[in-house]
J.: 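Structure provided below as structure tokens; questions to follow.
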Protein chains: 4
Amino acid sequence: MMNRVILVGRLTKDPELRYTPNGVAVASFTLAVNRAFTNQQGEREADFINCVVWRRPAENVANFLKKGSLAGVDGRVQTRSYEGQDGKRVYVTEVMAESVQFLEPKGQNQNADRGEGYTPRPNGGQDNPFGNQNQRQPQPQRNTRLDEDPFAGGGQIDISDDDLPF
Amino acid sequence: MMNRVILVGRLTKDPELRYTPNGVAVASFTLAVNRAFTNQQGEREADFINCVVWRRPAENVANFLKKGSLAGVDGRVQTRSYEGQDGKRVYVTEVMAESVQFLEPKGQNQNADRGEGYTPRPNGGQDNPFGNQNQRQPQPQRNTRLDEDPFAGGGQIDISDDDLPF
Amino acid sequence: MMNRVILVGRLTKDPELRYTPNGVAVASFTLAVNRAFTNQQGEREADFINCVVWRRPAENVANFLKKGSLAGVDGRVQTRSYEGQDGKRVYVTEVMAESVQFLEPKGQNQNADRGEGYTPRPNGGQDNPFGNQNQRQPQPQRNTRLDEDPFAGGGQIDISDDDLPF
Amino acid sequence: MMNRVILVGRLTKDPELRYTPNGVAVASFTLAVNRAFTNQQGEREADFINCVVWRRPAENVANFLKKGSLAGVDGRVQTRSYEGQDGKRVYVTEVMAESVQFLEPKGQNQNADRGEGYTPRPNGGQDNPFGNQNQRQPQPQRNTRLDEDPFAGGGQIDISDDDLPF
DNA sequence: TTTT
DNA sequence: TTTT
């Protein structure tokens, strides 16, 4: 079993940063990736690919990327489902970014993460290495918690700590 | 702009082979890719990733892969949208396979395509290199044309020759 | 069998453009890719990865990239060997770029190739779609033919039309 | 800066397992990856790609893979150089595997690593999470230490703990 | 024998 | 609504 995605494209909007009830950061953003070929009408289309990133790189994304930023993503394709507002199950395919690369020339901070994914430091046996008390954990800027689909917006909470990649 | 996906997983069902009105083959299948890590309940989950492949490799997929087959995909993440049955726009993220690799040990034919993607042979200037008259073009086994979403099933036609990768 | 490489880095020097005896363009360049992590001395190292690209994208690389340019490569790892000057066999591992992406902000031409690899146009049955007579085929700027290893420099001819990816 | 390689191929020989002076495991192996296309003589060639893997996955590779095994590698292209026996600098390009997938059908253990790379467990502040005293650390089967190039064989020590990926 |  |  292998699952690897690499994307380079531009953010369609500013990224959204949220926190799980346990205080773990999640950022979501959509990358517009222009296709390398034109369609039969001669137009160059783009794919709009939803991406999610957790923890420290999530905060870096929120701090350093904005609408229009050129960014590279190295991650995995992930699928989930949630209960839609009409009671129907909604299936979602998105990219779990393990690392995000800032490709804008102006920025001095050129790395959205610490490198080879995010290795949590030991925290004395707690399941979740970041608690709300953790001073390394910035508090949400806006009163935003993970009560809905980071992309679909209107749904119920469907990302929880269970989705943590480790 | 870069867009690359590599997957290795197992087909959840037999692939579905369809043809556009112009007689171009499209196969769709879902790959179950087990995650490399376990969730907080200690269970190993999987991602169920919808894949589409066109032309010759589509026919190879239909001929050589079935439910449970181990296969590798090299392709791109692609997004599209179509009008749902309730009039709402439905957004779809799937993998456009450029080549599909058969990883089952039993088969002697180990390649689902001719190699580096599919290079259409010249056909004297027609837009579509395969017409219904083309004897290299097998006719649909079942009376299946591309009148609906190959995955969602209930929608309107949303894959046409316009989606051809070249 | 699968083989896919994606790189984003900077050219260490201007690319070198050569032509096979049959007039097929080959460009070679080295990409410096900074590692995402620091070594035990706290220094950020880089990998210096030799890349080769054929035909039209080769000419685009030669025309649009130079020392220091930020570029993305999508291709395959390839190995070859040649007779070294001391009679010993020299083994070479390099990246065969199928497409090269220009990631510099200044350039308006943002694509080094036509997209999904290079699909040769039909040319009436010749083995090599480009002959020296082909007016679309620029002549070498310098009197450079493929008489040596594009990277090692001092060896014998070891890239020929046999290495063409199709 | 991005650097990602995915390979699926067969081991050309049994893997070699060595240990650094600090007791960190390193396995090296060569993957034969058949090309998806034939050359101008109609023969299907292969690329022979040297791979290196560290720590726990190294031991899994040594325990579960052998000559002829089908394996998938997800990693990075890495370059290094060392002093050759003739005093000349030798440049090496190889693949640093972050995870190795066992694709043989017979094996029950289907995973060469714990998943998303190898996250060392905390060990009380030592720089190197594995010491020779560590009972989880198997001793070398053969009296093999890292005194030479794992591939070139005749060179001087050129892999040390400095090359550890974290 | 290297890029920013 | 899923694979081994």
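Here the structure is a predicted model, which means the values were calculated and not measured.
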J.: Please pick, from F:dT2, E:dT2, E:dT4, the nucleotide with the shortest atom-to-atom distance to any side-chain atom of C:Arg10.
T.: E:dT4
J.: Of the candidate nucleotides E:dT2, F:dT2, F:dT3, which contains the atom at the shortest distance from the side chain of B:Ala46?
T.: F:dT3
J.: Could you check whether A:Glu94 pairs with A:Arg80 (Lys NZ or Arg NE/NH1/NH2 to Asp/Glu carboxylate O, under 4.0 Å)?
T.: yes
J.: Examine the side chains of B:Thr38 and B:Arg44 and answer whether a donor and an acceptor come within less than 3.5 Å of each other.
T.: no
J.: Regarding C:Gly68, tell me which of base, sugar-phosphate or nothing describes its non-hydrogen contacts under 4.0 Å with the strands shown.
T.: sugar-phosphate
J.: E:dT2 C1' sits how many Å from D:Met1 CE, rounded?
T.: 12 Å
J.: Starting at atom CZ of C:Arg44, determine the distance to atom C1' of E:dT2, rounded to an integer number of angstrom.
T.: 18 Å
J.: Identify which nucleotide among E:dT2, E:dT3, F:dT3 has an atom closest to any side-chain atom of C:Thr30, counting heavy atoms from C-beta outward.
T.: E:dT2
J.: Rounded to the nearest angstrom, tell me the gap between atom NZ in B:Lys13 and atom P in F:dT3.
T.: 10 Å
J.: In whole angstroms, how far is the C1' atom of F:dT4 from the CG atom of B:Leu11?
T.: 12 Å
J.: Could you state the CD-C1' distance from A:Gln101 to E:dT4, rounded to the nearest angstrom?
T.: 12 Å
J.: Find the distance B:Arg35:CZ to F:dT4:P and express it as a whole number of Å.
T.: 19 Å
J.: Are A:Asp74 and D:Arg4 ion-paired here, with the side-chain N under 4.0 Å from a carboxylate O?
T.: yes
J.: How long is the line joining CZ of C:Phe102 and P of E:dT3, in whole Å?
T.: 20 Å
J.: Just by distance, with hydrogens left out, do A:Gln78 and B:Asp47 show a side-chain donor and acceptor under 3.5 Å apart?
T.: no
J.: Rounded to whole Å, how long is the line connecting atom CD of B:Glu104 with atom P of F:dT4?
T.: 10 Å
